[in-house]
Visitor: 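Please find one structure pasted underneath; my questions will follow.
Chain letters run A, B, ... following the sequence lines, proteins first and then strands; every chain starts at 1.
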Amino acid sequence: MSDLHIYNSYTRQKEQFQSITPGHVGLYVCGPTVSGESHLGHARPYITFDVVNRYLQHLGYKVRYVRNITDAGHFEEEGREAEDKVATKAQLERMEPMELVHKYTNLFHWGMRLFNNLDPSIEPTATGHIIEQIDMIENIIAKGYAYEVNGSVYFDVKKYAEKYPYGKLSGRILEDLLETTRELDGQEEKRNKVDFALWKKAPAEHIMRWNSPWGEGFPGWHIECSAMSSKYLGDKFDIHGGGMDLQFPHHESEIAQSTIAHDHAPVNYWMHNNMITINGKKMGKSYNNVIKLTELFSGNHPILEQSYHPMVVRFYILQTHYRSTLDFSNEALQASEKAFRRLWEAHEIVQKMQRAGGAEATDKELDAKVQGFCRDCDESMNDDLNTAKVIANLFELAPIVNGFKAGHIDSGAISAETFELVQTTFKTYLEDILGMQALQVKESSNKLDQVLSLLIEIRKDAKMRKDFATSDQIRNKLAEAGVMLKDEKDGSITYTIE
RNA sequence: GGUCGAGUGGCCGAGCGGCUAGGCAGAGGUCUGCAAAACCUCGUACAGCGGUUCAAAUCCGCUCUCGACCUCCA
């Protein structure tokens, strides 16, 4: 039993986390629809739940993390003409759904890897689970909560609501929903406007279609998550995550379907991350303010002043609590970049450092303070994954570590035990739990190393002779080539490669 | 229109009844041949108006502003 508390969207309060099977956690997160490129908005849930996954593992749980790929449904590639999929065209000229899905799935994986997100345990695709979805729909029909009309199958929400709390997750009131005047596709077939599709009959021009007991068609959007989560995590599992915008109707529908199919609610804890906004507006296709991951990493977008390293983006996202909105701006990203560089350097310094003095602390007050910051990292994570607070704690530690190095704080001021705690706190939190990595991978070229040490030696000599013209030339020219020299306090010279 | 949520110092962002948040920027300083980095010091904020309380950024009410969802959406 851990002290982990998470905010459960379903009950709208923080609850102590307790897994169904001791030592194990089933985690399901709604994955991307791979009909287009992943964008900055996608980064948030997958980084957030990557940290959830990592932290649960840190606490000792064996996590089965399932994240789906939505590759079925209404498919149209962005910017591609509708006639592309017209059947009269030669096959190689037509859009092939599998080709498109493959392309964007690969691109999604590419982004996830750059963000240093751990792979899910299982990444099921909707198209690979048509049979499971059909089974589940038949099950719901058999129980009397779904009906077929013209080759489509709809879930009877009104009937469901008579017995179950429909709308509880998203705070909807059925009566309000029934009054909605909005005209939706297939509305006339439904018994009530609130009913949602479990299976849709495929129109003649629809390219993705499968045989079913109700004719050729394709599954409704919500059923895939219910079918796949129960298949791999069981009828009832621990945590279901996703973006806040999925609360309604997606997650609400999932609850309804699964409750009927399995005779009980499917999930114990619902977690929802908040949105990323640009100039206060949610990023989304319909707002025309989407920054794709490829654009973000290359800086190739009108509103981007520069490119941003995936680790900078990750850090920026984790500096805010996952349930707060996060507003994008160049200023904010640039601040995160500087902040992260400083923090990471302190991390590298403390890992390499040797503590001086005896085992006991010579400054009890500092020792206690330092321990407090370390311990608060645990408390902050346990308090609904407060990564922002964890980072703030690490920043409290950074000047102390730098002080050890600069020599104005004696590393013996804190005890040997506390010193070790600082090292493990940086390592565990920054790398293992927050999943951060160095911005630049150390180039391990012996030849380069030798060339640089030669230049560094020449520069040292020049400095000794007060030949600053030469020493500055070496530093400046190397800087132009992307190699930054740094004169350390002890007279040594180190370098970093941009 | 309905439902829910948010408004914190120049900017970003924690906190959510009493205890320093933190980062970035800015100012001054230490160190340094210079530079960079690092370190030290500084600002003293909680949309507005009332109320509850010994005590409110934190609770309650009203007002204003903004956002999300109600449609595919992370």
Visitor: Counting only side-chain nitrogens and oxygens, does N386(A) get under 4.0 Å of the OP1 or OP2 atom of G15(B)?
Guide: yes
Visitor: Rounding to the closest angstrom, what is the interatomic distance between A36(B) and C42(B) at atom C1'?
Guide: 23 Å
Visitor: Using atom P of each nucleotide, how far apart are G10(B) and A45(B) to the nearest Å?
Guide: 10 Å
Visitor: Give a yes/no answer on whether the side chain of R342(A) brings an N or O atom under 4.0 Å of OP1 or OP2 in C39(B).
Guide: yes
Visitor: Using the P atom as the reference point in each nucleotide, state the distance between G18(B) and A57(B) in Å, no decimals.
Guide: 10 Å
Visitor: Can you classify the ring geometry of H42(A) versus Y46(A) as parallel (below 30°), tilted (30 to 60°) or perpendicular (above 60°)?
Guide: parallel
Visitor: Select from M283(A) and F248(A) the residue whose nearest nucleotide in RNA chain B is closer to the 5' end of that strand.
Guide: F248(A)
Visitor: Determine the interatomic distance between P on G7(B) and the same-named atom on A47(B); round to the nearest Å.
Guide: 7 Å
Visitor: Quick one: which of A74(B), C34(B), A37(B) gets closest to the side chain of E345(A)?
Guide: A37(B)
Visitor: How would you list, by chain and number, every residue that makes a salt bridge (charged side-chain N to carboxylate O under 4.0 Å, His left out) with K460(A), sequence neighbours excluded?
Guide: E457(A)
Visitor: Taking atom P in both C54(B) and C39(B), compute the distance separating them and give it to the nearest angstrom.
Guide: 45 Å
Visitor: Could you tell me how far C40(B) sits from G22(B) if I compare only their P atoms? Round to whole Å.
Guide: 12 Å
Visitor: Within this structure, what is the CZ-to-P distance between R475(A) and G33(B), rounded to whole angstrom?
Guide: 12 Å
Visitor: Check the distance between U32(B)'s C1' and M464(A)'s CE and give it to me in whole angstrom.
Guide: 16 Å
Visitor: Classify the ring geometry between H250(A) and H222(A) as parallel (under 30°), tilted (30 to 60°) or perpendicular (over 60°).
Guide: tilted
Visitor: Which whole-number value in Å describes the distance from K466(A) NZ to G33(B) C1'?
Guide: 6 Å
Visitor: Answer yes when R67(A) and D119(A) have at least one side-chain N-carboxylate O distance shorter than 4.0 Å, and no when they do not.
Guide: no
Visitor: Measure CD1/I493(A) against C1'/A35(B) and give the value in whole Å, please.
Guide: 13 Å
Visitor: Taking atom C1' in both C12(B) and U8(B), what distance in whole Å separates the two?
Guide: 11 Å
Visitor: Mind calculating the distance between CG (D245(A)) and C1' (U71(B)) to the nearest angstrom?
Guide: 12 Å
Visitor: I want to verify a distance call: between A14(B), A25(B), A38(B), whose nearest atom is closest to the K338(A) side chain?
Guide: A25(B)
Visitor: Is D195(A) salt-bridged to K158(A), cutoff N-O under 4.0 Å?
Guide: no
